[in-house]
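Only one structure is covered here, and it is reproduced in the block below.
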Amino acid sequence: MTLPLWFESPFPLWVQLTVVGIWLGSVGFLAEYLSRSHRSSPEIVRKVVHIGVGNVILLAWWLQIPTWLGVAASILFSAIAYLSYHLPILSSINGVGRKSLGTFFYAVSFGVLIAWFWPMEQPYYAVLGILIMTWGDGLAALVGQRFGRHPYSLWGMKKSWEGSLAMALISYIISSLILFSVQGAIWQTWVVSFAIALAATGLEAFSKYGIDNLTVPLGSATLAFLLVSWLA
């Protein structure tokens, strides 16, 4: 039986699992070290994991991880993340003084985007959405906490204009780099990236209970896909 293209990969499965495993293990080791050394706040540790794990989508793109493997991993980690909401596990990720399903939505977003764009052979949209969530949302929170001097409030959530500006800038850079690698330096690349940056910033600002880990990647990837298709 001939497997569909999105199911195949030039790399053996053991190579894919080894590379991804080494990367995730390194992120986990770093987070555990920072947590035990007490040199970093729980929020810093959480963002190290948030950003570090998110970059695995680049490995999945490069290694051409098959759809079934990406979705299966998402289901597994979604289940673990949901259990961690009720049980004292993943303490280095959840121990930031607030109760949230953000880690669960984080894992779900991987599965949804991989299941959508991998079979279409357009994985870069999934990569775009995930990286905006990991880098944009992750660094925006840190910038807001460290440099936020102009706060505002939405639905009882405290935000800062500095953090939102960081979210917009990082989202624009990520979108531009990915779309540039796919379609080149055409005007659509810069216009679509600008629209994505605005949308991602708005979704991050208005989302509560950690659901921005779902709305930001899905919203960014969907908007990118629709605009590029429309403007092509």
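For the single chain, residues carry numbers from 1 onward in sequence order.
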In sequence, state the C-alpha distance, the side-chain angles, and the governing distance for Phe105 and Thr215, and then conclude on side-chain contact (heavy atoms from CB on, under 4.5 Å). CA-CA 9 Å; Phe105 293 128; Thr215 59; over 6 Å; no
With the 4.5 Å side-chain cut-off for hydrophobic clustering, are [X] and [Y] part of the same group?
X	Y	result
Leu198	Leu131	no
Leu69	Val19	yes
Ile80	Phe29	no

Exercise answer: donor-acceptor pairs, residues 175-183 side-chain atoms, under 3.5 Å, sequence neighbours excluded:
unit_1	atom_1	unit_2	atom_2	d
Ser175	OG	Ser171	O	2.8
Ser176	OG	Tyr172	O	2.8
Ser176	OG	Ser193	OG	3.3
Ser181	OG	Ile178	O	2.6
Gln183	NE2	Thr189	OG1	2.9

For the residue pair [X] and [Y], what are the closest heavy atoms and their distance?
X	Y	value
Ala224	Ile196	CB-CD1, 3.4 Å
Tyr125	Ala221	O-CB, 3.3 Å
Ala140	Met167	CB-CB, 3.8 Å
Ser109	Met133	OG-CE, 3.7 Å
Phe104	Ser78	CD1-O, 3.3 Å

Neighbour count >12 (heavy atoms, 6.0 Å) for atom CH2, Trp116: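 Atom CH2 in Trp116 is packed in, count exceeds 12.
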Please check if atom CH2 in Trp190 has more than 12 non-hydrogen atoms from other residues, nucleotides or ligands closer than 6.0 Å.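 Check passes, neighbour count above 12.
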Spacing of CG belonging to Asn213 relative to CG belonging to Leu218, to within rounding of 0.5 Å: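 One finds 11.0 Å between CG of Asn213 and CG of Leu218.
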Please report the interatomic distance CD1(Ile65) to CD1(Ile57), rounded to the nearest 0.5 Å.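 So the CD1 of Ile65 and the CD1 of Ile57 are separated by 9.5 Å.
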Would you say that [X] contacts [Y] through its side chain, given a criterion of any heavy-atom pair below 4.5 Å between the two side chains?
X	Y	result
Trp62	Gln64	no
Val127	Phe117	no
Leu59	Gln16	no
Met120	Phe225	yes
Asp212	Leu203	no
Phe194	Val191	no
Ile114	Ser74	no

Residues that Thr134 engages under side-chain hydrogen bond (donor to acceptor under 3.5 Å, both in side chains), provided they are two or more places apart: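 Not a single residue meets the side-chain hydrogen bond (donor to acceptor under 3.5 Å, both in side chains) criterion with Thr134.
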Answer yes or no: is there a donor N or O on one side and an acceptor on the other, between the side chain of His50 and the main chain of Leu139, under 3.5 Å?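 Not at all, since once roles are kept as given, no pair shorter than 3.5 Å links the two residues.
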Short side-chain to backbone donor-acceptor contact, Thr201 and Ala168, under 3.5 Å: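 Such a contact is found between Thr201 side chain and Ala168 backbone.
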Would Asp137 and Val216 count as a side-chain contact (heavy atoms from CB on, under 4.5 Å) here? Give the steps. CA-CA 8 Å; Asp137 182 48; Val216 169; 5.6 Å; no
Start with the C-alpha gap between Ile130 and Val56, add the side-chain angles, then the distance that decides, and say whether side-chain contact (heavy atoms from CB on, under 4.5 Å) holds. CA-CA 10 Å; Ile130 294 298; Val56 80; over 6 Å; no
Got a sec, which residues hit side chain to side chain contact (heavy atoms under 4.5 Å, CB included) with Val53, two or more places apart in sequence or on another chain?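 Once residues adjacent in sequence are excluded, the partners of Val53 under the side chain to side chain contact (heavy atoms under 4.5 Å, CB included) criterion are Leu24, Val27, Val49, Tyr106.
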Would you confirm whether the ring centroid of Phe110 sits within less than 6.0 angstrom of the ring centroid of Phe77?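 Not under 6.0 Å, so no.
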